[in-house]
Amino acid sequence: MATMSESTADRDVPPFRYTAQMADEIERRWQDYWEEHGTFNAPNPVGPLSDPDHPRAGAPKLYVMDMFPYPSGSGLHVGHPLGYIGTDCYTRYQRMAGRNVLHPMGFDAFGLPAEQYAVQTGAHPRKTTEENVARYRAQLRRLGLAYDNRRSFATTDPEFYRWTQWIFLQVFNSWYDPAVRKARPIAELVAEYESGARRTPDGRPWAELDPVERRRVIDDHRLAYISDAPVNWCPGLGTVLANEEVTADGRSERGNFPVFKRNLKQWMMRITAYADRLLEDLDLLDWPEPIKLMQRNWIGRSTGAHIDFPTDAGPLRVFTTRPDTVFGATYMVVAPEHELVDRLVPAAWPAGTKPAWTGGHATPREAVDAYRKFAAAKTDVERQADAKEKTGVFVGAYATNPVNGARIPIFTADYVLAGYGTGAIMAVPGQDERDWEFAEVFDLPIIRTVQPPADFDGKAYVGDGPAINSGFLDGLGVEDAKKKIIQWLEENGHGQGAVTYRLRDWLFSRQRYWGEPFPIVYDETGLPVALPESMLPVELPDIADFSPKTFDPEDGDSTPETPLSRERQWVEVELDLGDGPKRYTRETNVMPQWAGSSWYELRYLDPANDQAMVDPANERYWMGPRDERDCGGVDLYVGGVEHAVLHLLYARFWHKVLYDLGHISSCEPFRRLFNQGYIQAYAYTDERGSYVPAEEVVERDGRYFYGDKPVRREYGKMGKSLKNVVTPDEMCAAYGADTFRVYEMSMGPLEVSRPWETRAVVGSYRFLQRVWRAIVDEQTGALRVVDEAADEQTRRLLHRTIDGVRTDMEAMRFNTAVAKLIELTNGLTRLSATPREVAEALVLMLSPFAPHLGEELWRRLGHPESLAYERFPSADPALLVAESVTYPVQVNGKVRARVEVPADAAEDAVRAAALAAVAEHTAGREPRKVIVVPGRMVSVVL
RNA sequence: GCCCGGGUGGUGGAACGGCAGACACGGCCGCCUUAAAAGCGGCUGCCGCAAGGCGUGCGGGUUCGACUCCCGCCCCGGGCACCA
């Protein structure tokens with residue numbers, strides 16, 4: 001469009017019209033001005049970023065944050081900055097409303113996407129990452145976002161990840177004390193053992209343990225620990241993954257590769273210790289209810305009981321949420337992986353074994369081995385698909401029901417999961433649908449222990465009702481029966497009340513290159529040793545071959561190999577860690593993607609501090625609790641729902657550890673969360689199913705064509721491969737950044753997803769042109785503003801607009817705020833000149849949305865300073881009350897007339913006027929009822 | 001299957017229980033122009049020449065009055081998914 005008719009187009013355009021070219025010139029000029037003047041720098045209470053002379057020093061603060069981006073190689077499309085523009089409009093408004101606003105931006109630059117892009121292009125990840133960050137910065141700058149740029153960082157900066165490593169050390173060097181429900185320094189645990197206040201695991205005195213034994217005991221309590229446990233191994237990515245990174249069908253969220261369960265030594269974070277607090281403190285947060293619910297479900301707290309069922313191989317412990325139904329337990333099930341299985345299996349089938357139970361095998365050993373193989377071979381997808389058909393096999397052994405001595409068979413079946421509870425259940429088919437299904441397949445007895453209602457005609461009954469067939473529980477409701485049986489179990493040593501969680505500990509190591517190195521080395525014992533703070537940061541070495549070793553994606557038996565392990569001269573180090581110089585081996589795993597984003601909200605507060613992660617005074621000012629009931633945290637955090645569990649749960653966990661250890665005053669990182677919607681787009685495929693450029697598709701009679709070929713339309717994401725990407729750069733070139741911003745804000749409410757429509761952007765362009773024209777003469781460039789007062793009608797319109805816009809801005813209803821500004825502007829076009837009082841208020845109110853145009857017009861109106869700290873206009877209440885009111889008059893619910901009466905007219909007068917107006921419709925009949933809603937309407941009922 | 005969101009003109013969306021469709025796109029008509037584009041002005045929920053009627057996914061209910069509140073369905077999007 002830039003090449004369109006070089007001369008003719010320009011000749012007819014008035015010389016001072018607000019065009020894309022003019023917008024571009026204005027925008028660049030003001031972006032330079034803001035940068036040069038540090039206009040959006042926010043003063044800290046203490047430290048190098050403090051500034052007592054700042055116009056907002058000491059003012060009420062507001063900390064607003066966006067979820068920072070991964071700087072991917074393909075740059076931004078128009079969907080990415082939606083939330084950023086939203087927070088920018090909001091913070092610009094709040095700054096004008098008198099708040100000291102902190103609005104920073106950074107880059108989440110470690111992790112798989114950046115690394116994989118680097119691997120593809122063959123360039124070093126640091127180089128590509130730095131280029132991508134630079135490109136993102138330029139794209140965001142062009143949008144006029146008002147960040148405090150002194151506070152910007154990338155998580156890959158050594159000065160930043162030094163503190164990521166420091167936090168890891170805090171976590172490593174602490175343990176969770178359930179007695180006080182918080183993390184404590186590990187030294188206090190050592191002291192408890194030394195003094196004998198705490199018993200050692202095997203009861204020997206602490207002094208008798210050798211140093212290695214002592215270290216093992218302590219390491220078992222750390223919040224960051226090494227475990228050899230089943231993890232999600234993804235050969236296709238060459239790394240292990242956290243549970244949260246694996247999809248329901250057993251594939252990697254990134255790359256969609258198969259994931260296998262394997263036992264591997266890995267770093268874990270003891271997030272489960274915080275399960276209850278992570279759950280309880282959700283109540284303190286101003287978050288969308290669906291997000292809280294997703295976190296609650298993810299944590300998955302269940303209360304019930306552990307019950308021990310005696311067997312020949314020792315007690316079989318189960319977890320149940322329904323201990324009240326224990327009299328109805330007619331069989332037991334253990335997961336195929338359960339460690340007791342091998343000890344239970346006898347040499348031969350016992351007497352009374354039903355044929356259906358053996359799976360056709362001659363011995364229990366054969367049957368169990370075959371079933372295990374069968375279960376292990378199933379992918380998670382198959383497992384889900386088969387969920388309705390219960391499979392399993394009798395292990396050949398029996399357990400004893402502790403409440404009634406009944407001898408009940410033990411099965412192994414894959415409908416019981418090894419990873420949840422104890423990996424074993426008591427099966428109560430009468431009150432559990434899954435157990436009922438299994439009982440039907442294997443011909444097992446069913447005993448109801450809760451009396452279903454008379455009209456119940458289903459199978460398992462899971463509702464409330466009086467206990468039956470349950471001995472001393474008979475007649476009790478479910479809740480009472482639970483209490484009584486738990487008491488009985490505890491008194492008789494058969495079990496106790498218990499709580500379990502779905503949440504697992506956080507798998508924290510990755511076999512990758514592009515992540516934070518661990519500040520950990522190993523000594524000759526093979527046990528981990530923390531490096532002292534003085535050795536931070538442990539810099540990621542520059543190695544020649546940074547690509548991870550990947551494997552055949554289907555080869556679950558492969559073993560990960562870390563890129564850093566190949567760098568021997570980095571791995572082998574001699575250090576003096578207090579016992580004189582010694583040889584050590586470095587940890588060669590790196591931290592996961594989520595490490596940097598789990599605490600970055602804190603670093604914005606004090607980015608230059610090299611003595612501490614954040615100065616407590618700065619943290620207290622920006623994030624501290626407002627009162628005893630407040631958790632503190634960022635005042636507004638905006639981002640997409642896709643981070644509902646992963647990022648938000650990890651960040652909450654780290655924040656709580658830092659809080660427990662006394663480093664910060666807020667116990668939650670994000671007090672208020674707002675989920676913005678997405679900008680989506682149409683994509684088009686031809687008859688072969690390949691994508692055609694969306695830009696060139698035309699609509700004719702509701703059908704879509706690429707050239708003369710019909711194409712099929714689909715709706716979803718924007719993406720290179722879908723050939724439907726529209727970039728902010730294109731929009732800035734064609735209309736200017738201000739137009740683009742106004743368009744994104746007026747498309748709809750920020751929280752709602754909506755389709756991108758390039759041709760609709762022109763509406764916002766025309767709006768800004770009308771504003772410009774109301775103030776500047778397009779032919780001469782002279783001001784069209786006069787100092788005479790506005791007429792009454794214009795004034796009332798202005799103050800109604802101010803009132804409405806303020807309300808909308810507070811509530812982040814930017815689309816309706818823009819609509820009101822358009823109405824005000826449209827109200828000015830009938831005037832021959834614009835009164836200054838209206839022009840200035842309009843410019844100030846528009847400036848959060850179109851900041852460059854705002855600054856430019858404000859300057860032309862004669863103000864030498866930036867408007868960033870001007871007071872946002874306030875409405876005069878006297879001008880908000882209308883002089884006269886038009887009442888619609890309803891007759892039997894239908895509007896039949898309107899009457900205009902003075903605003904202060906008495907109700908009787910309104911009633912009389914209304915009745916007179918609808919005399920024709922009442923046709924002389926006496927209304928049964930007349931309702932006058934003051935200021936609203938009149939309703940006549942015949 | 002369970003749990004969340006959400007269904008309003010051709011389109012994106014407005015609307016304290018009180019005039020449904022603000023604002024914008026698109027469309028139609030006009031002005032300007034040799035012409036086109038840009039810009040500007042008018043009209044634009046549906047049916048109907050009109051009077052008028054009908055309209056917020058569907059069916060009920062509460063109310064003088066329901067997009068809004070209640071009950072029962074349908075459809076779309078998302079989350080979880082044998083969690084004992």
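Here is the naming used below: chain letters follow the sequence lines, and residue numbers restart at 1 for every chain.
Pair assignment for G12(B) gives C23(B), based on Watson-Crick or G-U wobble hydrogen-bonding distances that are each under 3.5 Å. Base pairing of G45(B) is made with C54(B), judged by Watson-Crick or G-U wobble geometry with both donor-acceptor distances under 3.5 Å. Using Watson-Crick or G-U wobble geometry with both donor-acceptor distances under 3.5 Å, C69(B) finds its partner in G61(B). Of all nucleotides present, only G79(B) satisfies the Watson-Crick or G-U wobble test against C2(B), with each distance under 3.5 Å. Using Watson-Crick or G-U wobble geometry with both donor-acceptor distances under 3.5 Å, C40(B) finds its partner in G30(B).
Nucleotides C69(B) and G18(B) place their C1' atoms 15 Å apart, quoted to the nearest Å. Using P as the reference atom, U44(B) and U63(B) are 37 Å apart when rounded to the nearest Å. Atom P of G41(B) sits at a distance of 23 Å from the matching atom of C46(B), rounded to the whole Å. Taking atom C1' on both A24(B) and C71(B), the two are 38 Å apart, rounded to the nearest angstrom. C40(B) and C16(B) have their C1' atoms separated by 37 Å, given to the nearest Å. Of the C1' atoms belonging to G21(B) and G45(B), the separation is 7 Å, rounded to the nearest Å. Nucleotides C43(B) and G61(B) place their C1' atoms 40 Å apart, quoted to the nearest Å. Comparing the C1' positions of C67(B) and A84(B) gives a spacing of 44 Å, expressed to the nearest Å.
Side-chain polar atoms of Tyr501(A) and Thr272(A) form no donor-acceptor pair below 3.5 angstrom. When only modelled atom types and interatomic distance are considered, Arg713(A) and Tyr684(A) share no side-chain donor-acceptor pair under 3.5 Å. Side-chain atoms of Thr449(A) and Gln431(A) form a donor-acceptor pair, as typed in the model, at a separation below 3.5 Å. For the 3.5 Å distance criterion, the side chains of Thr739(A) and Tyr18(A) fail to qualify, holding no donor opposite an acceptor. Using a 3.5 Å distance cut-off with no hydrogens or angles, the side chains of Thr391(A) and Tyr371(A) do pair a donor with an acceptor. Side-chain contact annotation: Ser746(A) with Asn815(A), donor-acceptor N/O pair under 3.5 Å absent.
Contact annotation for Ala760(A): backbone-only contact, meaning every heavy-atom pair under 4.0 Å involves sugar-phosphate atoms and none involves a base. Counting non-hydrogen atoms under 4.0 angstrom, Asp435(A) reaches nothing in the nucleic acid. Residue Glu823(A) is classed as a sugar-phosphate contact, given heavy-atom separations below 4.0 Å to backbone atoms only. Within the nucleic acid shown, Val761(A) has no heavy atom closer than 4.0 Å to any nucleic acid atom. Among the atoms of the strands shown, only primed sugar atoms or phosphate atoms (P, OP1, OP2) are found under 4.0 Å from some heavy atom of Gln769(A). Met937(A) comes within contact range of at least one nucleobase, with a heavy-atom separation under 4.0 Å. Across all strands, Arg759(A) comes closer than 4.0 Å only to sugar-phosphate atoms, never to a base (heavy-atom distances). Within the 4.0 angstrom heavy-atom criterion, base atoms lie near Ser939(A). Within the 4.0 angstrom heavy-atom criterion, base atoms lie near Ile931(A). Residue Leu417(A) is classed as a base contact, given a heavy-atom separation below 4.0 Å to a base. At a threshold of 4.0 angstrom between heavy atoms, the contacts of Ser764(A) with the nucleic acid are absent. Nucleic acid contact class of Arg770(A) (heavy atoms, under 4.0 Å, all strands): sugar-phosphate only. In this structure, Arg773(A) reaches the sugar-phosphate backbone alone: every heavy-atom distance under 4.0 Å involves primed, P, OP1 or OP2 atoms, never a base.
Taking for each of Pro749(A) and Tyr682(A) the nucleotide of RNA chain B with the nearest heavy atom, the 5'-most of the two is the partner of Tyr682(A). Residue-to-nucleotide proximity on RNA chain B shows that, of Ser753(A) and Arg936(A), the 5′-proximal contact is made by Ser753(A).
Comparing A24(B), C25(B), G41(B) by their nearest atom to the side chain of Ile822(A) picks out A24(B). Among G41(B), G18(B), A84(B), the nucleotide with an atom closest to any side-chain atom of Thr321(A) is A84(B). Considering only side-chain atoms of Leu293(A), the nucleotide from G26(B), C3(B), A15(B) that sits closest is C3(B). Taking only side-chain atoms of Asn815(A), from C-beta outward, the nucleotide of G65(B), A14(B), A84(B) with the closest atom is A14(B). With C82(B), C64(B), A84(B) as the choices, the nucleotide that has an atom nearest any side-chain atom of Tyr415(A) turns out to be C82(B). Distances were taken from every side-chain heavy atom of Gln890(A) (C-beta onward) to each of G65(B), A24(B), A84(B); the shortest belongs to G65(B). Listed nucleotides: C25(B), C3(B), A22(B). Nearest to the side chain of Ala819(A): A22(B).
Residues Phe438(A) and Tyr331(A) place their aromatic rings such that the two centres sit under 6.0 Å apart.
A donor-acceptor contact under 3.5 Å links the side chain of Lys390(A) to the base of C82(B).
Applying the 4.0 Å criterion to OP1 and OP2 of A24(B), one finds that Asn826(A) has a side-chain N or O inside that range. OP1 or OP2 of A81(B) sits under 4.0 Å from a side-chain N or O of Arg502(A). Listed pair Arg317(A) / A84(B) fails the phosphate criterion, with no side-chain N or O lying under 4.0 Å from OP1 or OP2. Within the 4.0 Å cut-off from OP1 or OP2 of A38(B), not a single side-chain nitrogen or oxygen of Arg766(A) is found. Phosphate proximity of A84(B) to Ser302(A): present, with a side-chain N or O under 4.0 Å from OP1 or OP2.
Rounded to an integer number of Å, the gap from Arg296(A) CZ to C4(B) P is 12 Å. We find that CZ of Arg754(A) is positioned 19 Å from P of G77(B), with the value rounded to whole Å. To the nearest angstrom, P of U11(B) lies 10 Å from OH of Tyr704(A). Between Gln680(A) atom CD and G12(B) atom P the separation is 12 Å, expressed in whole Å. One atom, NE2 of His643(A), and another, P of G79(B), lie 14 Å apart when rounded to the nearest Å. Here C64(B) presents its C1' atom at 15 Å from CZ of Arg896(A), a figure rounded to the nearest Å. Atom pair Met745(A):CE and A14(B):P shows a separation of 13 Å (rounding to whole Å applied). At whole-Å resolution of the value, OH in Tyr715(A) and P in G78(B) are 11 Å apart.
Shown here, G27(B) is classed anti by the O4'-C1'-N9-C4 or O4'-C1'-N1-C2 angle, which is more than 90° from 0.
With respect to the salt-bridge test (charged N to carboxylate O, under 4.0 angstrom), the residues Asp283(A) and Arg296(A) qualify.
The residue from Tyr765(A), Trp756(A), Tyr735(A), Phe849(A) that alone fulfils the ring pair (Phe, Tyr, Trp, His ring centres under 6.0 Å) condition with Tyr743(A) is Trp756(A).
In terms of heavy-atom proximity, Cys89(A) sits nearest to Met745(A) at SG-CG, 3.8 Å.
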